[in-house]
Amino acid sequence: MVIFKKKADLQQYITSERGLGRGIGFAPTMGALHQGHVSLIQASRNNNDLVVCSIFVNPTQFNDKSDFEQYPITISEDIAMLTDAGCDVLFLPGVDEVYPEGPEHAAVFDFEYLDTILEGARRPGHFKGVGQVVSILLDAVRPDNLYMGQKDYQQCMVIRKLLAIQELQDKIKLHICPIIREADGLAMSSRNRRLTEPQRAIAASIYQCLVSIESKVGADRFAVVMKECIDLLTEKGLVPEYVSLANADDLTILQEYDTNVSMVALIAAKVGDVRLIDNMLLNK
Ligand code: AMP
């Protein structure tokens with residue numbers, strides 16, 4: 001695996017690979033890699049000649065300073081995992097390389113409705129930062145295929161919109177990869193490393209709620225199921241931020257199950273000071 005820290009060096013390499021007719025797959029990450037990230041690399045490996053990954057903990061997408069400061073960094077393990085997974089190129093830039101004129105000069109995209117709900121409402125500025133960094137990374141890599149995880153469902157919708165705003169949707173195909181889970185159902189996340197053992201034990205109740213929401217489609221009212229989930233999470237010792245149901249195509253919030261549309265259930269909850277999110281498509 002070749003590692004580039006400079007955008008110009010990466011671009012020179014990619015331009016020459018593209019000149020050889022090689023198709024490029026790209027998965028952006030913030031490192032502290034786990035099997036969820038590896039699944040993106042594997043999907044990219046299966047469909048592209050050149051597999052590119054980036055690791056960059058983007059300061060502009062953290063609305064919570066302490067979350068940024070405590071974000072795990074495990075770069076040598078990450079490099080070993082990427083090599084094992086068959087990644088060809090790692091882009092590992094520093095903040096000055098990504099934002100040479102400072103983040104305040106990076107382009108700002110308006111995600112409109114998508115930035116007003118769920119994560120957008122709870123994490124002001126988060127998607128603005130995501131849009132900035134992904135547009136800069138896409139400009140550096142110019143991939144044919146972009147791999148992102150369903151784990152961050154709303155982020156996938158935001159990036160779909162970013163591609164549309166930049167009129168890149170025909171040049172870059174977005175692939176939304178399935179959520180990889182631990183044996184007890186907890187969605188893999190870099191932040192899981194920050195959970196203590198007792199916190200780790202209760203964290204899987206988020207997944208149990210999603211399973212329960214799915215099992216009650218057509219049998220119960222969502223308002224009732226939502227309350228049961230909030231009660232369960234609270235009893236277990238989590239602090240739920242939202243238990244929501246939305247149209248999976250455009251994230252319109254649904255007050256009630258609607259089997260005429262594709263639905264996604266989404267949960268955010270805090271376990272101690274670690275904030276976790278998860279979701280499930282209900283009528284796949
Ligand atoms: P992150 O490093 O958290 O920014 O994540 C980088 C990419 O990996 C994003 O597209 C995430 O959605 C994806 N990802 C994170 N966790 C998982 C998971 N458990 N399963 C599948 N993809 C994931």
Under a 4.5 Å cut-off applied to non-hydrogen side-chain atoms, are L138 and L146 in contact? yes
Please check if M30 and L33 belong to a single hydrophobic cluster, counting links between Ile, Leu, Val, Met, Phe, Trp and Tyr side chain heavy atoms closer than 4.5 Å. no
Under a 4.0 Å N-O cut-off, is there an ion pair linking E256 with R221? yes
Where P124 and N63 come nearest, the two heavy atoms and their spacing: O-CB, 3.4 Å
Candidate list D78, L10, I75, test side-chain contact (heavy atoms from CB on, under 4.5 Å), partner L92, passing option: I75
Under a 3.5 Å distance rule, please check whether S190 uses its side chain to pair with a backbone N or O of A32 as donor and acceptor. yes
Taking the side chain from N192 and the backbone from A187, do they hold a donor-acceptor pair closer than 3.5 Å? yes
T29 side chain to H37 main-chain N or O, any donor-acceptor pair under 3.5 Å? no
Can any side-chain N or O of R45 pair as donor or acceptor with the backbone N or O of D49 at less than 3.5 Å? yes
Any side-chain heavy-atom pair of Y13 and V89 under 4.5 Å: yes
Hydrophobic cluster membership, L238 vs L232, 4.5 Å side-chain cutoff: no
Pair N279, I179 - check side chain to side chain contact (heavy atoms under 4.5 Å, CB included), show working. CA-CA 9 Å; N279 67 82; I179 303 172; 3.8 Å; yes
Any chance you could lay out the salt bridge (charged side-chain N to carboxylate O under 4.0 Å, His left out) test for R194 and D67, step after step, and finish with the verdict? CA-CA 10 Å; R194 292 183 44 216; D67 186 30; 3.6 Å; yes
Shared hydrophobic cluster, L163 / V141 (ILVMFWY, side-chain heavy atoms < 4.5 Å): yes
Per side-chain contact (heavy atoms from CB on, under 4.5 Å), L282 is matched among I213, D258, T259 by I213
F111: partners by ring pair (Phe, Tyr, Trp, His ring centres under 6.0 Å), with sequence neighbours left out: none
Kindly check if the number of other-residue, nucleotide or ligand heavy atoms within 6.0 Å of CD (Q70) is above 12? yes
Taking every non-hydrogen atom, the tightest pair across C209 and I267: CB-CD1, 3.6 Å
Heavy-atom side-chain proximity of L266 to V264 below 4.5 angstrom: yes
Salt bridge present between K270 and E241 (N-O < 4.0 angstrom): no
Begin with the C-alpha distance, continue with both residues' side-chain angles, and end with the deciding distance and a verdict on side chain to side chain donor-acceptor pair (under 3.5 Å) for T252 and Y113. CA-CA 9 Å; T252 312; Y113 168 73; 4.9 Å; no
How about Y71 and F62: are their ring centroids closer than 6.0 Å? yes
Would R123 and D64 pass as an ion pair if we require N to O under 4.0 Å? no
Flag the pair K236 and D231 as a salt bridge only when some basic side-chain nitrogen lies within less than 4.0 angstrom of an acidic carboxylate oxygen. no
For V38 and Q35, run side chain to side chain contact (heavy atoms under 4.5 Å, CB included): C-alpha distance rounded to whole Å, both residues' side-chain angles, the deciding distance at 0.1 Å, then the answer. CA-CA 5 Å; V38 168; Q35 288 306 312; 3.7 Å; yes
Run the salt-bridge test on D110 and K128 with the 4.0 Å N-O cut-off and return the result as yes or no. no
Working to the nearest 0.5 Å, report the span between CG of L162 and CE of M157. 13.5 Å
Least distance between heavy atoms, C156 atom then L174 atom: O-CD2, 3.7 Å
Verdict with reasoning, F127 to Q155, per side chain to side chain contact (heavy atoms under 4.5 Å, CB included): CA-CA 7 Å; F127 288 127; Q155 174 171 274; 4.2 Å; yes
Minimum heavy-atom distance between F26 and S54, given as atom pair plus value: CZ-OG, 3.4 Å
Any donor-acceptor N/O pair, Y153 side chain to L281 backbone, under 3.5 Å: no
Between the main-chain N or O of Q208 and the side-chain N or O of S212, is there a donor-acceptor pair closer than 3.5 Å? no
Spell out, yes or no, whether V158 and L40 are grouped together once hydrophobic residues are joined by side-chain heavy atoms under 4.5 Å, including indirect joins. no
Quick one: do K161 and D115 make a salt bridge, cutoff under 4.0 Å? no
Do Q11 and K6 have side chains that approach each other closer than 4.5 Å (heavy atoms only, starting at C-beta)? no
d(L186 CG, I180 CD1) to nearest 0.5 Å is 13.0 Å
Sidechain N-carboxylate O distance under 4.0 Å for E97, K7: no
Working to the nearest 0.5 Å, report the span between CD of E104 and OG1 of T60. 10.5 Å
Backbone N or O of M263 within a donor-acceptor pair of the N283 side chain at under 3.5 Å? yes
For residues 218-244, which residue pairs pass the ring pair (Phe, Tyr, Trp, His ring centres under 6.0 Å) check, not counting sequence neighbours? F222-Y257
With rounding to the nearest 0.5 angstrom, report the OG to CZ distance, S189 to R275. 11.0 Å
Does a side-chain N-to-carboxylate-O contact under 4.0 Å join K171 and D144? no
Which pair of heavy atoms, one from F56 and one from P59, lies closest together, and at what distance? CZ-CD, 3.9 Å
Is the shortest side-chain heavy-atom distance between L245 and V225 below 4.5 Å? no
Can you find a heavy atom in the side chain of S135 that is under 4.5 Å from one in the side chain of F109? yes
Taking atom CG of D88 and atom CE of M1, what is their separation to the nearest 0.5 Å? 9.5 Å
Would you check if the side chain of Q199 reaches a backbone N or O of T196 as a donor-acceptor pair within less than 3.5 Å? yes
Output yes when a side-chain donor or acceptor of Q154 lies under 3.5 Å from a complementary backbone atom of L114, and no otherwise. yes
hydrophobic_cluster_shared for M188 and I176, side chain cutoff 4.5 Å: no
Here the pair of heavy atoms bringing A107 nearest to Q132 is O-CG, 3.1 Å
Student check: side-chain heavy atoms of Y207 and M280 closer than 4.5 Å: yes
Is the closest basic N to carboxylate O distance between R142 and D139 below 4.0 Å? yes
With rounding to the nearest 0.5 angstrom, report the CD1 to CD distance, I24 to E17. 7.5 Å
Determine whether a donor-acceptor pair (N or O, by modelled atom type, separation under 3.5 Å) exists between the side chain of N48 and the backbone of S44. yes
Consider side-chain contact (heavy atoms from CB on, under 4.5 Å). Of I136, V133, V130, V98, which one does N58 pass it with? V133
Using 30° and 60° as the class limits, which term best fits the ring planes of H175 and Y147: parallel, tilted or perpendicular? parallel
Side chains of S66 and E69, donor plus acceptor under 3.5 Å: no
Pairwise side-chain contact, C53 with F91, heavy-atom cut-off 4.5 Å (strictly under): no
